[in-house]
Undergrad: 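This is the structure I have questions about; it appears just below.
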Amino acid sequence: MVQLGLIGLGKMGFNMRERLRAAGHEVVGYDRNPDVSDTTSLEDLVSKLDAPRIVWIMVPAGEPTRQTITELGNLLAEGDMVIDGGNSKYTDDKLNADLLAAKNIGYLDCGVSGGVWGKENGYGLMVGGAAADVEKAMPIFDALRPDGPREEGFSHAGDVGAGHYAKMIHNGIEYGMMQAFAEGFELLEAAKVVKDVPAVIKGWQRGTVVRSWLLDLLVRALDEDPELDDLEGYVEDSGEGRWTLEEAINNAVPAPVISAALFARFASRQEHSAAMRAVAALRNQFGGHAVKKAGG
C-alpha cells in the first residue's frame, strides 16, 4: 500500500482517486470544490501525508500548475516527490523540476490517456524523469495503468519532459484519427447508395483494419444519436495538437494529416468564414461561378 496526495479532483482526478483506492492505496485528495475534497488546503493535505511524500497534480496546464508546484515547493521537504499528471507543455517540465530540485524534491511528468473511461479500463501512462523516482512511484503507476503487461500501458519515456512530450504526440495522432473517422462518417451520410450508416460503422468493429477504441466510441455515439443531430459541429482544441505541429516544424518532420485535422477544428468554429467568402468571390471573378449572397 502506498500513500498519495492528489491535487485536482475533476473528471480525471476524481476517477483516478477511486481507482487507486480500489487497488488498496491511501489517497488524500484536495480540490477547491469542498464537496469532493478530503482536505481544506494544500497545507492541510501535506500535513496528512507521511514523509517521504508523493503528491500527484491534476490541474489545468500553465499558470495553475506552476502556482501549485511553487506552493508545494514551500510545503514539501527533502526526499518528497511531485508528479505532474496534467497536460502541461513539455518545456514547462524542466522549469518545474529545477524549482523543486533546489529543495531536493523529486519531479516526474506523466502524460495520462484514458479520459472518463480510465477508472474502469485503466490509464495509458507516459512518464519522464529519473529512473529512481519512477521506481519509487511504480506501485501508483501499476494501479492506474490497464491490466496486462506493464509495457502495454506504461512507458518510462526518458528524462524530465519526455512523458509530456510523448503525450503531446499521442494527442496529435488522436487528432488525425478522429478527423479520418469524421470524414468517413460524413461521406457515408452524403452517399445515396448507403442506407444505414450506423450499421456500416458498427460492422467495422471486428475483423477490419480500422477497428479501434475510437471506432467503438463512435459506434456508441451513433447508438445514442444515429445522425448526430443533437450536436453542433464546433470542436475546441486543448493545445497538444498545436504543440505537436510546432515540434513538426522545429524538427522538419512532415505532418500533413495532423495539421489538416487541427485546421479542420479551427474551421468548425467559423460560422461565417472570411476565407471561404474570398474563395467564392475569386471563383465568381475568374469563372463566373454562381455565388450565394449573404442573407439570401
Side-chain angles (χ1 to χ4, degrees), residues 12 61 86-92 109-118 121 123-128 146 151-155 157-158 161-191 194 197-198 200-222 227-228 231-271 273-276 278-279:
M12 289 277 283
N87 281 328
S88 295
K89 191 172 184 180
Y90 80 98
T91 50
D92 290 343
D109 56 285
C110 183
V112 180
S113 181
V116 297
W117 297 90
N121 300 331
Y123 301 88
L125 305 173
M126 297 143 267
V127 180
E151 62 270 17
E152 293 181 5
F154 170 88
S155 60
H164 281 143
Y165 194 98
K167 178 60 162 48
M168 174 184 68
I169 302 304
H170 165 282
N171 282 26
I173 294 169
E174 179 185 293
Y175 275 46
M177 292 175 67
M178 286 194 290
Q179 186 64 27
F181 279 128
E183 292 174 9
F185 167 75
E186 183 171 357
L187 185 53
L188 288 167
E189 282 274 288
V194 176
V197 173
V200 169
I201 294 177
K202 184 173 290 188
W204 291 346
Q205 286 184 282
R206 295 184 184 275
T208 74
V209 296
V210 298
R211 64 189 185 275
S212 65
W213 188 43
L214 282 177
L215 178 65
D216 294 342
L217 293 177
L218 179 56
V219 169
R220 178 185 172 90
L222 291 171
E227 296 184 355
L228 303 182
L231 301 173
E232 290 187 14
Y234 183 102
V235 186
E236 286 286 4
D237 67 286
S238 55
E240 293 92 337
R242 301 183 189 212
W243 302 339
T244 300
L245 288 187
E246 289 175 5
E247 285 301 301
I249 293 168
N250 291 339
N251 290 282
V253 173
V257 172
I258 296 172
S259 62
L262 178 62
F263 294 148
R265 294 193 181 196
F266 294 166
S268 77
R269 304 167 206 165
Q270 294 182 291
E271 185 175 353
S273 169
M276 295 316 296
V279 170

Undergrad: Evaluate the side-chain proximity of N121 to P146: yes if any heavy-atom separation is below 4.5 Å, no if none is.
TA: no
Undergrad: In Å and rounded to the nearest 0.5 Å, what is the NZ to OG distance from K167 to S88?
TA: 11.0 Å
Undergrad: Which residues pass the side chain to side chain donor-acceptor pair (under 3.5 Å) test with E232, not counting sequence neighbours?
TA: none
Undergrad: Taking only distance into account, with no hydrogens and no angle test, what donor-acceptor pairs under 3.5 Å do side-chain atoms of residues 179-188 form with protein atoms, sequence neighbours excluded?
TA:
residue : atom : partner : partner atom : Å
Q179    : NE2  : E183    : OE2          : 3.0

Undergrad: Over all heavy atoms of both residues, which pair between R265 and S268 is shortest? Give the atoms and the distance, please.
TA: O-OG, 2.6 Å
Undergrad: Hey, does the side chain of T244 reach the backbone of M168 with a donor-acceptor pair shorter than 3.5 angstrom?
TA: yes
Undergrad: Quick one: salt bridge (Lys or Arg N to Asp or Glu O under 4.0 Å) pairs with a partner in residues 240-254, sequence neighbours left out?
TA: K89-E246, D237-R242
Undergrad: Only counting residues at least two apart or in another chain, list the ones meeting side-chain contact (heavy atoms from CB on, under 4.5 Å) with R206.
TA: none
Undergrad: Assess the residue pair L215 and S212 against the criterion (side chain to side chain contact (heavy atoms under 4.5 Å, CB included)); give the C-alpha distance rounded to whole Å, side-chain angles, the decisive distance to 0.1 Å, and a yes or no.
TA: CA-CA 5 Å; L215 178 65; S212 65; 3.7 Å; yes
Undergrad: Which heavy atom of N87 sits nearest to which heavy atom of A61, and what is that distance?
TA: O-CB, 3.4 Å
Undergrad: Evaluate whether atom CH2 of W213 has more than 12 neighbouring non-hydrogen atoms of other residues, nucleotides or ligands under 6.0 angstrom away.
TA: yes
Undergrad: Just jot down the side chain to side chain donor-acceptor pair (under 3.5 Å) partners of S113, sequence neighbours excluded, or say none.
TA: H170
Undergrad: Between NZ of K202 and CG of L222, what distance do you get to the nearest 0.5 Å?
TA: 9.0 Å
Undergrad: Can you sort out the partners of Q205 under side chain to side chain donor-acceptor pair (under 3.5 Å), two or more places apart, ordered by chain and number?
TA: D216
Undergrad: Taking atom CD1 of I169 and atom CH2 of W243, what is their separation to the nearest 0.5 Å?
TA: 11.5 Å
Undergrad: Can you tell me if D109 uses its side chain to pair, donor with acceptor, with the backbone of G163 under 3.5 Å?
TA: yes
